[in-house]
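For reference, the structure discussed in these notes is given below.
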There are 2 protein chains.
Amino acid sequence: MAIHKKEEFSQKEQDLAAFAKALSHPARIAILKMLAQRNECICGEIVDVLPLAQSTVSQHLKELKTAGLIDGTIDGPRSCYCINWKAFEKFNSEFSFLFEKLKTTNAKCC
Amino acid sequence: MAIHKKEEFSQKEQDLAAFAKALSHPARIAILKMLAQRNECICGEIVDVLPLAQSTVSQHLKELKTAGLIDGTIDGPRSCYCINWKAFEKFNSEFSFLFEKLKTTNAKCC
DNA sequence: AATATTCATCGTATAAAAACGATTAACCAA
DNA sequence: TTGGTTAATCGTTTTTATACGATGAATATT
């Protein structure tokens with residue numbers, strides 16, 4: 001079957017899920033960590049650090065870019081990437097908003 | 001090939017990725033939202049709200065439970081679920097920690 | 001001009017996720 | 001005891017993700 005039903009959920013739910021999905025692989029977490037520490041990175045630098053082939057790293061970078069979490073700039077034969085903090089903040093606050101409000105008033109389970 | 005290499009990343013990176021993965025489907029976001037609003041939910045209530053079959057909802061609940069984000073209690077023939085706020089806070093702070101520190105000092109890209 | 005770097009994309013193979021119906025196990029009510 | 005709920009699990013199908021090598025396009029270098 002596997003007819004995907006993601007579209008039947010609200011836009012906010014879909015957006016949050018998409019954001020989480022972009023973070024759902026350790027390689028992409030590692031990439032974001034590198035970018036946070038160094039501010040910007042050439043693709044090759046990331047390839048040198050991660051235990052993955054160049055094509056695989058490029059694929060992960062593309063996913064992060066598509067999700068809007070990073071920006072990429074072509075610099076001669078190189079590609080320079082950095083974190084898109086604005087998008088990051090947006091999702092982070094939306095994420096907090098969803099759960100923060102009721103956290104304190106809730107007791108424990110059943 | 002698809003020999004998965006997740007194990008070659010640090011434990012923290014793997015944990016964060018696993019947390020994000022649990023949130024990476026709108027159905028699971030919707031479930032968490034329900035639990036946050038109602039404090040606790042019977043499985044059947046969730047099934048009534050989501051546009052998914054009972055077996056599919058059970059599967060999503062299991063994933064959230066395995067990831068440690070929710071707790072489940074058997075109550076007669078029913079199953080009662082609620083958010084595990086402690087685990088949630090732990091990941092939320094770890095998540096913030098990773099990116100918060102450098103956010104302000106960073107300029108923009110390349 | 002010829003060659004080397006750099007990286008994105010393509011094609012492909014395998015693994016995992018998503019969804020459902022059917023079945024099963026546990027409990028409750030007649 | 002029999003029958004009805006409730007929800008987890010099993011088996012299956014389809015889609016998506018992960019990973020790589022190979023190729024190709026663009027820029028540098030000699």
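This structure is a prediction, so every number in the text was calculated from the model and none was measured. Values reported hereafter were calculated over all heavy atoms of this structure, with side chains retained and with hydrogens, waters and symmetry mates removed. In what follows, chains carry the letters A, B, and so on, assigned in the order in which the sequence lines appear, proteins first and then strands, with residues in each chain numbered from 1.
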What distance separates B/F95 CZ from A/L23 CG, expressed to the nearest 0.5 Å? 5.5 Å
Give, for atom CG of B/D71 and atom CD of B/E40, the distance between the pair rounded to the nearest 0.5 Å. 11.5 Å
Write down the distance between CD1 (A/I46) and P (D/dA19), rounded to a whole number of angstrom. 15 Å
Kindly say if B/H4 contacts the phosphate of D/dA17, meaning a side-chain N or O under 4.0 Å from OP1 or OP2. no
Round to a whole Å and report the spacing from CD1 of B/I31 to C1' of C/dA18. 13 Å
Just the table, please: protein N/O against nucleotides 1-8 of chain D N/O, every pair under 3.5 Å.
from	atom 1	to	atom 2	distance (Å)
D/dA7	OP1	B/S79	N	3.4
D/dA7	OP2	B/G44	N	3.0
D/dA8	OP1	B/S79	OG	2.7
D/dA8	OP1	B/Y81	OH	2.6
D/dA8	OP2	B/S58	OG	2.4
D/dA8	N7	B/Q54	NE2	2.7
D/dA8	N6	B/Q54	OE1	3.1

Base, sugar-phosphate or nothing for A/I74? Non-hydrogen atoms, less than 4.0 Å. nothing
Give every donor-acceptor pair under 3.5 Å between a side-chain atom in residues 11-20 of chain A and any protein atom, sequence neighbours left out.
from	atom 1	to	atom 2	distance (Å)
A/Q11	NE2	A/D15	OD1	3.1
A/E13	OE1	A/S10	N	3.1
A/E13	OE1	A/S10	OG	3.3
A/E13	OE2	B/K33	NZ	3.1
A/Q14	NE2	A/K6	O	3.3
A/Q14	NE2	A/E7	O	3.4
A/Q14	NE2	A/F9	O	2.9

Which residues, if any, of residues 8-30 of chain A bring a heavy atom under 4.0 Å of DNA chain D? A/K21, A/H25, A/R28
Once rounded to the nearest 0.5 Å, what's the spacing between atom NZ of A/K65 and atom OG of A/S79? 7.5 Å
Quick check: do B/I83 and B/L69 have side-chain heavy atoms less than 4.5 Å from each other? no
Is it the case that C/dA8 (base atoms only) and A/Q59 (side chain only) share a donor and an acceptor within less than 3.5 Å, ignoring hydrogens and angles? no
Listing, residues 54-62 of chain A side-chain donor-acceptor contacts under 3.5 Å, not counting sequence neighbours, or none:
from	atom 1	to	atom 2	distance (Å)
A/H60	ND1	A/R28	NH1	2.9

D/dT16 P sits how many Å from A/K5 NZ, rounded? 15 Å
Between C1' on D/dT18 and NE2 on A/H60, what's the gap in Å once rounded to a whole number? 7 Å
Which value, rounded to the nearest 0.5 Å, describes the distance between A/D75 atom CG and A/C80 atom SG? 6.5 Å
Using only side-chain N and O atoms of B/K6, determine if any of them is under 4.0 Å from OP1 or OP2 of C/dA16. no
Excluding sequence neighbours, so at least two apart, what forms side chain to side chain contact (heavy atoms under 4.5 Å, CB included) with B/K90? B/E94
Please work out if B/E63 contacts a base, only the sugar-phosphate, or nothing of the nucleic acid, heavy-atom cut-off 4.0 Å. sugar-phosphate
Whole angstroms only, please: what is the CG-C1' distance between B/L50 and C/dC20? 15 Å
Side chain of A/N84, backbone of A/A87: donor and acceptor closer than 3.5 Å? yes
Between P of D/dT9 and NZ of B/K65, the distance in whole Å: 8 Å
